[in-house]
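In the text below, chain A, chain B and the rest are named by the order of the sequence lines, each starting its count at 1. From a predicted model like this one, the values you see are computed outputs, not experimental measurements. No hydrogens, no waters, no symmetry mates; every other heavy atom, side chains included, goes into these values.
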2 protein chains.
Amino acid sequence: MSDPRSARKPTLEDVAEAAGVSRATVSRVINGVRNVDPKLHAIVWQAVDATGYVPNRAARSLVTRRSGTVALVVSDAVSHDDDPFMRRFFADPFFGRIVGGVMSVLRPKGIQLALQIVGTDEARTRLVGDLGQGQADGAVVLSLHPDDTLPQQLYEGGIAAALVGRPAQPVPISYVDLANDAGGVLAAEHLIGRGCSRLGMITGPAHVPASQDRLTGFRQALARHGHAWFPTVEGGFTYESGETAMLELLERQPELDGVFVANDVMAQAAVMALRGRELRVPDDVAVVGFDDSSAALDARPQLTTVRHPLEDMAAEAARLVLSRIDDPSLRVESVIFDPKLVVRQSA
Amino acid sequence: MSDPRSARKPTLEDVAEAAGVSRATVSRVINGVRNVDPKLHAIVWQAVDATGYVPNRAARSLVTRRSGTVALVVSDAVSHDDDPFMRRFFADPFFGRIVGGVMSVLRPKGIQLALQIVGTDEARTRLVGDLGQGQADGAVVLSLHPDDTLPQQLYEGGIAAALVGRPAQPVPISYVDLANDAGGVLAAEHLIGRGCSRLGMITGPAHVPASQDRLTGFRQALARHGHAWFPTVEGGFTYESGETAMLELLERQPELDGVFVANDVMAQAAVMALRGRELRVPDDVAVVGFDDSSAALDARPQLTTVRHPLEDMAAEAARLVLSRIDDPSLRVESVIFDPKLVVRQSA
DNA sequence: TTGTAAGCGTTATCAC
DNA sequence: GTGATAACGCTTACAA
């Protein structure tokens, strides 16, 4: 074959000719439509092979009105291109784990994943238009901002979509989420179970619903055990903030013997801060993290933590989108995952 | 608007009617072709607005033979769906940083990013076919395995592509890479400059070209300064392996006063291991990492490290692909980035 | 069971 | 400068 770029790519017509049948028959064979003579079946596939035919997606979706693509949309408040937040976001395992989860269900079905980042209202509106036009058949959505309007717009646009994480505002769109409060309960029970009595918590940012829920669950479980009050310090899910928060918590409650930290990265930092204060983990202070990320494994001692099954959740979100594409009349659905406690060495 | 899903989407024809012009004129206006009466220009855009028209990508690319999509291909040796390696890969910031870099150049141009994972030879062959057919106009490729055949296949298929990282086998395809050896030199000079004389290195996996280059650079620089030999231990780029390697290195050279570690994660582990041995960093042993990842910032003391500008490199790879799409006759090009030393506290 | 032919929504080549 | 009109490659009634 000469220059493959200039060479005209074989079409259905070419295959048909090579097989001595009509274009329609070839199409049927390729798409696995029944009512085709088994003999032709073989002949056609042979011709496909001989010609090196590959279906043209554009032509196909033009008529089927299906793109065979699902979009993974990251919707953020403000993100010009070199937005430091987005830089951090992409570098965070959170993003990759979701991609991996979504891929695990899309790939076997031969469905494409198209990545979309929308930071402005204009971009959001355009996205909904593009999706409505069929650029993708549906979307798995990561809505990063509490008052993001995208979920509502997707609903109004009639787009098949599923959110990863409960929407801050109630919207008739399917979503998957983690029972974050149950995670808080798990942490509390474990800490109390091992005899801790002077507890504290390093929370995530107050405006993040998941943070709130973790705190709520932790608080309620402690209350059930008679701990009406405990000190909390708000962190920002970063290592730095975890370190600072731990130190502040220690100041507020020097007798501390157990901490629940809203994510592993901060927990890892907390452990280091405690060691810096000559406090042994878990003997003097027990630490429970959240996520079961690599930070939990990389901490010394390794972190006892609450497992956040992000990959599974993202995969389920993809499944929700797919089933809704198949049958748009399906009712809105939410799937809540239960967190599990992973006991290691820090508590 | 009734049910947006069933509603027929407006086409060029509808806009044309609303504007009182022909389909062709509307097309011209939308695509910014000159030779259009400025008055009509305004009228048409108004009609577009009024009708809520959004161009149909499939129809457009059917005729233009352009998909407006670039693929980000991850080519791995063996990856069935729940392959633990891929799980780790996606959770690693490496992946996300590349996505971010690629997106930063694609997004402003309105080009889609389609993610593709190919783990088997069959998948690779199909991918090349799909790309040849125009599923995407080009590809940014992450080839994870030393004897990956994909680069060669892409070349033979005449696909516009650029690799992130030098291909293990020489192939006439553009790529971007980091001068890893120069990074090794930087580390050596710095360590020697601060007076270290009993040095060692924790390398990456031997089969990874980048690992080799970092070692080579480090070795050559040391040789220039009269250090003919130094102990090395091979790690696997993981925290765990960094910890083990550090301990072994210490056993081989108890007098160690400086280490170069091939990535930050292992360096972070090394620092912890040293502290566990009651050795102060950097006073007793200086540590230089590689990557300037979040692990460098999260380590205590924070890591002096060699910056790996992954985002910039990925962005450049995207640019190479784009220019090659524009002009397929462009010659193969490689862009090598220079690493920089980031001095913090560990050395 | 197979073939014929009518679109799908654009862009691009012509005349006008 | 603008408007018909012919592709682009495929799926899918409808006929045979």
Roughly, in whole Å, what's the span from CD1 in A/Ile43 to P in C/dT1? 16 Å

For the pair B/Arg324 (side chain) and B/Leu330 (backbone), establish whether a donor and an acceptor sit closer than 3.5 Å, ignoring hydrogens and angles. yes

Distance col, row A/Asp327:CG vs A/Leu322:CG, nearest 0.5 angstrom, shows 12.5 Å

B/Arg66 CZ to C/dT11 P, straight-line distance once rounded to whole Å: 14 Å

Just call it for B/Val54: base, sugar-phosphate, or nothing, with non-hydrogen atoms closer than 4.0 Å on any strand. sugar-phosphate

Indicate whether OP1 or OP2 belonging to D/dC10 is found under 4.0 Å from a side-chain N or O atom of A/Arg57. no

Please confirm whether the shortest side-chain N or O distance from B/Thr64 to OP1 or OP2 of C/dT11 is below 4.0 Å. no

If you compare every side-chain N and O of B/Asn31 against the phosphate oxygens of C/dT11 (OP1, OP2), does one of them come in below 4.0 Å? yes

Taking only side-chain N and O atoms of B/Thr11, does any of them lie within less than 4.0 angstrom of OP1 or OP2 on C/dG9? no

B/Leu40 has an atom CG; how far is it from atom P of D/dG1, in whole Å? 11 Å

Donor-acceptor pair (no angle test) under 3.5 Å: A/Arg65 side chain, C/dG9 base: no

Out of D/dG9, C/dT2, C/dG3, whichever nucleotide has its closest atom nearest the side chain of A/Val63: D/dG9

Value in whole Å for how far the P atom of D/dC8 lies from CD of B/Gln135: 21 Å

note: B/Glu17, atom CD; D/dG3, atom C1'; distance rounded to Å ~ 15 Å

Checking A/Ile30, A/Val26, A/Asp49, A/Thr25 against A/Val15 for side chain to side chain contact (heavy atoms under 4.5 Å, CB included), the one that qualifies is A/Val26

For B/Leu12 and C/dA12, what is the distance between atoms CG and C1' respectively, to the nearest whole Å? 13 Å

Between B/Asn56 and C/dT10, does any side-chain N or O lie under 4.0 Å from OP1 or OP2? no

With the threshold set at 4.0 Å, does a side-chain nitrogen-carboxylate oxygen contact exist between A/Arg57 and B/Asp130? no

Closest to the A/Val36 side chain: C/dG3, C/dT10, C/dT2? C/dT2

Taken to the nearest whole Å, CZ/B/Arg23 to P/C/dT11 is 10 Å

Can you tell me the distance, in whole Å, between the CZ atom of A/Arg28 and the P atom of D/dT11? 11 Å

Compare side-chain N and O positions of B/Ser27 against OP1 and OP2 of C/dT11 and report whether any pair is under 4.0 Å apart. yes

Salt-bridge test for A/Asp14 and A/Arg8: reply yes if a basic N is under 4.0 Å from a carboxylate O, no otherwise. yes

Starting at the 5' end of DNA chain D and moving along, which residue's nearest nucleotide shows up first, B/Thr25 or A/Leu62? B/Thr25

